[in-house]
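Comments concern the structure below.
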Amino acid sequence: MPEAFSQTPVWHYRQGTLETTPESTPIVSEHAATLSVNGEPWLTFICSPIALEALAIGFLFNENVITSLAEVKDLNLTDEGRRIEVQLN
C-alpha cells in the first residue's frame, strides 16, 4: 500500500538561481482507486491511499446503495489499493 505522503525537498528560486535547501515538506500522495460492486465497475476515485475501506463504505452509504454495514458481504483491496471490490448481500 502506498504511503499517505512523501517528504519532498524544498527548492528556492532567488534572483535567477535555483537552490536546494536542507528543508523538506510533506506532500500528500494521491492515486486512482476503482470501486467495483458485485463485480461491476462503478467509478474511479482520485484519493489518498489510506482508509480505502471506509471511503468505499461511506460512498455506498451516502449514495443510498446500502443502509447498514450488514448489507456488505465482503470487501477486498487489490492491485496495491487501486481496486476496491465490494460484494453486497
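Nothing fancy with the numbering, it's 1 onward along the sequence.
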Using a 4.5 Å cut-off on heavy atoms from C-beta on, say whether the side chain of L55 contacts that of F45. yes

Please walk me through it: do C47 and L52 pass side-chain contact (heavy atoms from CB on, under 4.5 Å)? CA-CA 9 Å; C47 56; L52 296 173; 3.7 Å; yes

Under the side-chain hydrogen bond (donor to acceptor under 3.5 Å, both in side chains) test, which residues partner Q87, sequence neighbours left out? none

Do L60 and L35 come within less than 4.5 Å of each other through their side chains, counting heavy atoms only? yes

Salt-bridged, R83 to E85, with N to O below 4.0 Å? yes

Not counting sequence neighbours, list each pair that qualifies as a side chain to side chain donor-acceptor pair (under 3.5 Å) and has a residue in residues 37-63. T34-T44

Give a yes or no on whether L69 and I84 share a hydrophobic cluster (residues Ile, Leu, Val, Met, Phe, Trp, Tyr; joining criterion: side-chain heavy atoms under 4.5 Å apart). yes

If we only count heavy atoms from C-beta on, is the E23 to P9 side-chain gap below 4.5 Å? no

Are the side chains of H31 and E80 in touch, meaning some heavy atoms are under 4.5 Å apart? no

Looking at every non-hydrogen atom in both residues, tell me the closest pair between S29 and S6 and how far apart they are. OG-N, 4.1 Å

Please report the closest heavy-atom contact between Q7 and S24, naming both atoms and the distance. OE1-OG, 3.0 Å

Minimum heavy-atom distance G81-A33, with the two atoms named: O-CB, 3.6 Å

In short, K73 meets N89 closest at the heavy-atom pair CB-OD1, 3.2 Å

Does L75 share a hydrophobic cluster with L88, counting links as ILVMFWY side-chain heavy atoms below 4.5 Å and allowing steps through other members? yes

Note, V10 side chain near T20 side chain (heavy atom, < 4.5 Å): no

Is a side-chain N or O of N76 found less than 3.5 angstrom from the main chain of V86, in a donor-acceptor match? no

Distance, nearest 0.5 Å, that separates OG1 of T21 from NE2 of H12: 4.5 Å

Report yes if some heavy atom in the side chain of I57 is under 4.5 Å from a heavy atom in the side chain of I66; otherwise report no. yes

